[in-house]
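First up is the structure itself, then whatever we jot down about it.
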Amino acid sequence: MQGSGGLAQLGYRAAVLVCLVYAGHAEALIVASGNGNDNEASVQAVYPDFPYWGNIGQIGGGTGIYLGGDLVLSARHVGAQGVGFILDGTDHPMAPLKTLLNPDDIPGTLTTKTDLRIFQLDPGHGLDLTLTTVDLATSLPTIAGDELVMIGTGFIADNPGGPPPFIWSATRDTLWGQNKVFSVFDGNADPSDPHVIQILNRDVITFTTRFDDPDTGPPSTRGLTHEAQAADHDSGGAAFFKDGDTWKLTGLIHAIEAVVIGEAAYGDKTFISDLPLYADQILSTMFVPGDLNQDFAVDDADIDLLYAEINSGMPEPAFDLNGDMSVNQLDVDFLVRNILNTEFGDANLDRLVSFSDFSDVQSNFALAGGWADGNFNGDAFITFADFAVLQNNFGFDNSGGAAPGAVPEPATLMLLTLGGAALMRRRPDNLSQPL
């Protein structure tokens, strides 16, 4: 077996089929329509709302995708130890962070580890974090016939546009292509299952695409205009599908089945990991518990979002933070106390309930606002109830610093209450509109 940047032979775990483990940092596929699919404008001419072109780069012996939050996902076998993530010509240092595991609830026998790895970019890399955070498919969308956008960084064809077979060149360029899901995993990891392939002694559950002629044949088997097949250095390349209005990452390229290594012929297959089976591990790395709006921070916006979900009357199960199978005030308690390690009344989330928080409540009393404004119970306005919460917890200190001071005097409370009452009397006039 050659190194990660070359070709390798592998088989289904029990079968002896010749496949290619392509690896490499490139930006290409073999595309039946030619080598012109090499920029964002070309993919958006077909899919105007496709958002992820800029997330794909070179990594080790293959391709990687920037997920967001300084994280990159790729195939493990690309051999990226000690190398960087090359995006727009810039090499960003990174290190392996997490090798993913095969699901333990799949009938049959699987190796513990799989051929997927997450990398952490060096915090000082200077990458522009305005890149779109990737939405990940979390339920199994891989139904035969689903249309995919594939992007890789491997070899392109020496004879772009044909005729087939398409001969691989030694030139690499970022290309995108189309294909449809051809066959899928049946849910049972039988040793002879063609969708469970083993790469460097690690099983990975896959679905397949087939490289079909876009110009001839019956409509049921005819390829798409930009029909694509993976090539060397495309390992870790991405496969996306559109779920409603949202583009989602549903798989990573790992291997191909080809009659002749070095060529792409109609009928060849690409093996793509079924990422929904691994989504929980990826999401738990991308987003820490409590990051409900998935902005890579746990803060007052997440508290406000959780309260809004509870107040909607139909909260999503994903907002169940304490694992009791319901979404209610107990989840807010868990977010504030167990995740943020603070207490109700800490408006600025510095793990102190102090005069700074009191000032926030006082400044916003009787006004609409969120947690950072002093709304600690998730209702519409900052009221006496929020001040009472702050007063009850005043002096809480989990910051490791100096004590925050004394509890506000009753006279201060009375002034706040009277002032708030006056504001509340005026508010309807301020909000009213002529009929």
Measure the acute angle between the ring planes of Phe355 and Phe394, then classify it against the limits of 30° and 60° as parallel, tilted or perpendicular.
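If you compare the ring of Phe355 with that of Phe394, the planes turn out perpendicular.
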Fit a plane to each ring of Trp176 and His226, take the angle between them on a 0 to 90° scale, and name the class: parallel (under 30°), tilted (30 to 60°) or perpendicular (over 60°).
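It falls in the tilted class, 30° to 60°.
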Pick one: which of His77, Arg76, Arg202 meets side chain to side chain donor-acceptor pair (under 3.5 Å) with Asp115?
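Exactly one pass, corresponding to His77.
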Could you go step by step and tell me if Glu147 and Tyr47 meet the side-chain hydrogen bond (donor to acceptor under 3.5 Å, both in side chains) rule?
CA-CA 12 Å; Glu147 187 170 319; Tyr47 304 103; 2.4 Å; yes
Check this for me, if you would: do Asp49 and Lys242 make a salt bridge, where the nitrogen-to-carboxylate-oxygen distance has to be below 4.0 angstrom?
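Yes, charged N to carboxylate O under 4.0 Å.
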Should Lys248 and Asp135 count as an ion pair when the cut-off is N to O under 4.0 Å?
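No, this pair does not count.
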Step-by-step side-chain hydrogen bond (donor to acceptor under 3.5 Å, both in side chains) determination, Lys113 to Thr99
CA-CA 7 Å; Lys113 295 182 179 180; Thr99 296; 5.8 Å; no
Could you tell me whether Asp245 atom CG has more than 12 heavy atoms of other residues or ligands within 6.0 Å of it?
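No, not enclosed.
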Step by step, work out the side-chain hydrogen bond (donor to acceptor under 3.5 Å, both in side chains) result for Ser183 and Thr208.
CA-CA 5 Å; Ser183 61; Thr208 69; 2.5 Å; yes
Please report whether the ring centroid of Phe240 lies less than 6.0 Å from that of Phe50.
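So the answer is yes for these two rings.
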Please check if the distance between the ring centroids of Phe387 and Phe358 is under 6.0 Å.
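Under 6.0 Å, so yes.
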Taking [Y]'s backbone N and O only, do any of them form a donor-acceptor pair with [X]'s side chain (distance below 3.5 Å, no angle check)?
X      : Y      : result
Asn375 : Trp371 : no
Asp234 : Ala231 : yes
Asp122 : His92  : no

Return the set of residues passing ring pair (Phe, Tyr, Trp, His ring centres under 6.0 Å) with Phe287 (not counting sequence neighbours), or none when no residue passes.
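Phe287 satisfies ring pair (Phe, Tyr, Trp, His ring centres under 6.0 Å) with Phe296 once adjacent residues are dropped.
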Step by step, work out the side-chain hydrogen bond (donor to acceptor under 3.5 Å, both in side chains) result for Asn348 and Ser356.
CA-CA 8 Å; Asn348 60 10; Ser356 175; 3.2 Å; yes
